[in-house]
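Remember, it's a predicted structure, so these values are computed and weren't measured experimentally. Hydrogens, waters and symmetry mates play no part in the numbers below; they use all other heavy atoms, side chains included.
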Amino acid sequence: MVIPLYGQSNKMINQDSINQSKLYNEFRIDFDKYEKQYGHYIQTNNVKMHYLEWGNPKNPTLIWIHGTYSNGYELYEIIDDLVKMNLHIIAIDYYGHGFTEIPEKDVSIYHVVDDIKFLMDKKNIKQAIIGGWSRGGTISSAFYDAYPKSVQALILEDGGSVAWDFNEKAANIVKSIEEAHQYYVNKKPLIFDSEFDAYWYIYNNWGVRGKTR
């Protein structure tokens, strides 16, 4: 008997979904424990910002700013090594990433900068090493631009040293902004029946791992 390839594919997808559901539920428990220990929120003038914090606050502080489509947990795999270097680490989630919502008002990277400074002031951190990857590097540079006396050092990983619109014509920039605006105006919200369903959608559509491998 010949089984159609489509049927085989669906069978694999269903089994993969079941396996992933089991793993998701198992690791979600560990994640919730970790988040409860290291995750925090602060209400700034712009947003209720989520951030992670590790290490002794008496040690030099590194404030890390993640890249586009990432979040503060991108430091997870190396955080133990950073703590062993006697660093106090804070990793934020900026707008629309991780657990930080998108503000209802218009905002820019300089609003994120103000959020970070607000957090530093609340924690009585006079100076910090400000670092980031990709868009986080750009925000790090903007922080130095706005608050140079609050920066002990800068870490720019694949971002922050060149403007995003470098060598771009003004007309092209305006066109790109308008296209982005129209995209979000026309974009319909995705609604899922469960948290796992939302994860499963991202799992299969954001390059984590494809349904058909």
Just jot down the side chain to side chain donor-acceptor pair (under 3.5 Å) partners of [X], sequence neighbours excluded, or say none.
X    : value
E26  : none
D197 : S194
T138 : W164
N25  : none

Could you measure the distance from the [atom1] atom of [X] to the [atom2] atom of [Y]? Nearest 0.5 Å is fine.
X    : Y    : atom1 : atom2 : answer
F196 : S17  : CZ    : OG    : 4.5 Å
F192 : I202 : CZ    : CD1   : 7.0 Å
I63  : Y51  : CD1   : OH    : 10.5 Å
I89  : W54  : CD1   : CH2   : 7.5 Å

*Counting only heavy atoms not in Y24, do more than 12 sit closer than 6.0 Å to its OH atom?*
yes

*State whether the number of non-hydrogen atoms from other residues, nucleotides or ligands found under 6.0 Å of D30 atom CG is greater than 12.*
yes

*Measure the acute angle between the ring planes of Y203 and W200, then classify it against the limits of 30° and 60° as parallel, tilted or perpendicular.*
parallel

Donor-acceptor pairs are to be reported for all side-chain atoms of residues 72-84 against protein atoms at under 3.5 Å, with residues two or more places apart or in another chain.
{"from": "Y73", "atom 1": "OH", "to": "E35", "atom 2": "OE1", "distance (Å)": "2.6"}
{"from": "E74", "atom 1": "OE1", "to": "S70", "atom 2": "OG", "distance (Å)": "2.6"}
{"from": "E74", "atom 1": "OE2", "to": "W64", "atom 2": "NE1", "distance (Å)": "2.6"}

Do [X] and [Y] belong together in a cluster built from hydrophobic side chains that touch within less than 4.5 Å?
X    : Y    : value
I139 : Y147 : yes
V107 : Y94  : yes
I102 : F99  : no
Y144 : L62  : no
I65  : I155 : no

Would you check if [X] and [Y] make a side-chain contact, meaning some heavy-atom pair closer than 4.5 Å?
X   : Y    : value
H88 : N56  : no
I92 : V112 : yes
N86 : P60  : no

*Only counting residues at least two apart or in another chain, list the ones meeting ring pair (Phe, Tyr, Trp, His ring centres under 6.0 Å) with Y41.*
H50

_ring pair (Phe, Tyr, Trp, His ring centres under 6.0 Å) involving H111 - partner list, sequence neighbours excluded_ = none

_Between H40 and L52 (side chain of the first, backbone of the second, donor and acceptor by atom type, cut-off under 3.5 Å), is there such a pair?_
no

*Give a yes or no on whether the backbone of G137 and the side-chain of S141 come within a donor-acceptor separation of less than 3.5 Å.*
yes

*So which heavy atom on L154 is nearest to which on S140, and how close?*
CD2-O, 3.6 Å

*Which atom pair, heavy atoms only, marks the closest approach of A142 to I109?*
CB-CD1, 3.9 Å

*Set of residues satisfying salt bridge (charged side-chain N to carboxylate O under 4.0 Å, His left out) with respect to D32, sequence neighbours excluded*: R28

*Share the residues that join I177 in a hydrophobic cluster, the rule being Ile, Leu, Val, Met, Phe, Trp or Tyr side chains under 4.5 Å apart at the heavy-atom level.*
I173

*Hydrophobic cluster (4.5 angstrom, side-chain heavy atoms) - remaining members for F27*: L23

*Which pairs pass salt bridge (Lys or Arg N to Asp or Glu O under 4.0 Å) with one or both residues in residues 100-109, sequence neighbours excluded?*
none

If you look only at distance, which donor and acceptor atoms sit under 3.5 Å apart when one is on a side chain in residues 115-136 and the other is two or more places apart or in another chain?
{"from": "D115", "atom 1": "OD1", "to": "T44", "atom 2": "OG1", "distance (Å)": "2.7"}
{"from": "D115", "atom 1": "OD1", "to": "N46", "atom 2": "ND2", "distance (Å)": "2.9"}
{"from": "D115", "atom 1": "OD2", "to": "Y95", "atom 2": "OH", "distance (Å)": "2.5"}
{"from": "K117", "atom 1": "NZ", "to": "D121", "atom 2": "OD1", "distance (Å)": "2.8"}
{"from": "K117", "atom 1": "NZ", "to": "D121", "atom 2": "OD2", "distance (Å)": "3.2"}
{"from": "K123", "atom 1": "NZ", "to": "E53", "atom 2": "OE1", "distance (Å)": "3.1"}
{"from": "N124", "atom 1": "OD1", "to": "K126", "atom 2": "NZ", "distance (Å)": "3.4"}
{"from": "Q127", "atom 1": "NE2", "to": "K149", "atom 2": "O", "distance (Å)": "3.1"}
{"from": "R135", "atom 1": "NE", "to": "T68", "atom 2": "OG1", "distance (Å)": "2.8"}

